[in-house]
Amino acid sequence: MDFVKKYILNDWKLKGLSLVLAVMLWFAVSYVGESKLSVSVPVVPANLEKDFMIKSMDVEDVLVMISGPVSALKNLRPKDIKAPIDMGELKNGRHIVNVEKADIIVPKGIKIEAVKPDYVVIEIERALEKRLKTIVKLDDKWKALYSVKSWYPQYVTAEGPKVSMEKIETIETVPVDGNFMAVEEELDIALNTQGLIIRKLRPETIRVILRRH
């Protein structure tokens with residue numbers, strides 16, 4: 001009991017005040033104080049005319065440095081920050097588009113300090129829609145056992161950069177593979193767009209029928 005009186009109850013008003021000040025200081029630092037943060041934000045192209053498409057973009061994300069109350073930064077979610085770039089006036093060719101601080105969208109109470117890089121190099125091409133003949137590619141391990149009986153559709157519609165689309169007439173499937181046992185096998189196979197710049201492909205799969213030799 002003497003220990004309690006000597007070290008805990010003695011000067012209890014002063015100790016109580018110290019405790020209150022400590023709580024207020026913690027609150028001020030955690031919820032009122034300012035802090036800084038760097039966030040990687042995807043660049044979002046906006047207002048590009050439908051007759052054009054992006055062929056290449058040198059960066060897909062920018063680093064946005066922000067500041068604000070600790071409480072606001074603690075509750076910040078990646079989707080709360082957006083970096084749109086206006087492409088409404090861009091036509092064919094290579095363009096340097098500035099990423100302005102004023103264009104960055106952030107929650108109320110948060111300030112944008114800087115954006116790095118503050119520009120994006122974008123190559124724009126006119127889009128072209130074209131019919132491509134489909135070619136079924138059978139995996140090598142099945143060629144001795146099966147052949148392609150039929151497939152549908154034999155043509156698909158692809159949309160991509162005009163210069164690139166003018167150079168191609170056909171599109172292959174991914175190698176047809178599976179656990180085949182029946183005399184006939186019917187399956188949906190995806191078209192292989194690897195190495196091709198295609199914005200839209202209709203349809204993206206074709207129906208293939210294989211027949212055992």
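Sequential numbering from 1 along the given sequence is applied to the chain's residues.
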Do any N or O atoms from the side chain of [X] and from the backbone of [Y] form a donor-acceptor pair under 3.5 angstrom?
| X | Y | answer |
| --- | --- | --- |
| D58 | V121 | yes |
| R207 | S150 | no |
| N98 | E100 | no |

Within one Ile-Leu-Val-Met-Phe-Trp-Tyr cluster: [X] and [Y], side-chain cutoff 4.5 Å:
| X | Y | value |
| --- | --- | --- |
| V39 | I112 | yes |
| I54 | V120 | yes |
| V174 | V176 | yes |

Is there a side-chain contact between [X] and [Y] (heavy atoms, below 4.5 Å)?
| X | Y | value |
| --- | --- | --- |
| R202 | E129 | yes |
| V97 | D86 | no |
| I124 | M87 | yes |
| K91 | E49 | yes |
| M165 | E159 | no |
| V115 | D103 | no |
| L210 | V148 | yes |
| D177 | K141 | yes |

Should we say atom NZ of K133 is surrounded by more than 12 heavy atoms from elsewhere, each under 6.0 Å from it?
->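 More than 12 heavy atoms, drawn from other residues, nucleotides or ligands, come within 6.0 Å of this atom.
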
Just wondering, are more than 12 heavy atoms of other shown residues or ligands nearer than 6.0 Å to NZ in K162?
->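 It does not: K162 NZ has 12 such atoms or fewer within range.
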
Which pair of non-hydrogen atoms, one from [X] and one from [Y], has the smallest distance, and what is that distance?
| X | Y | result |
| --- | --- | --- |
| P161 | I197 | CD-O, 3.1 Å |
| E60 | M57 | CA-CE, 4.5 Å |
| L90 | L48 | O-CD1, 4.4 Å |
| T134 | P153 | OG1-O, 3.0 Å |
| R199 | K50 | NH2-O, 3.0 Å |
| Y146 | V183 | CE2-O, 3.9 Å |

Point-to-point distance, once rounded to the nearest 0.5 Å, from [atom1] of [X] to [atom2] of [Y]:
| X | Y | atom1 | atom2 | result |
| --- | --- | --- | --- | --- |
| E125 | S164 | CD | OG | 5.0 Å |
| H213 | L145 | NE2 | CG | 7.0 Å |
| E172 | Q194 | CD | CD | 11.5 Å |

side-chain contact (heavy atoms from CB on, under 4.5 Å) with I135: which of T173, L191, T170?
-> T170

In terms of side-chain geometry, is the basic nitrogen of E166 or K130 positioned less than 4.0 Å from the acidic oxygen of its partner?
-> no

Which of parallel (below 30°), tilted (30 to 60°) and perpendicular (above 60°) describes W142 and F180?
-> tilted

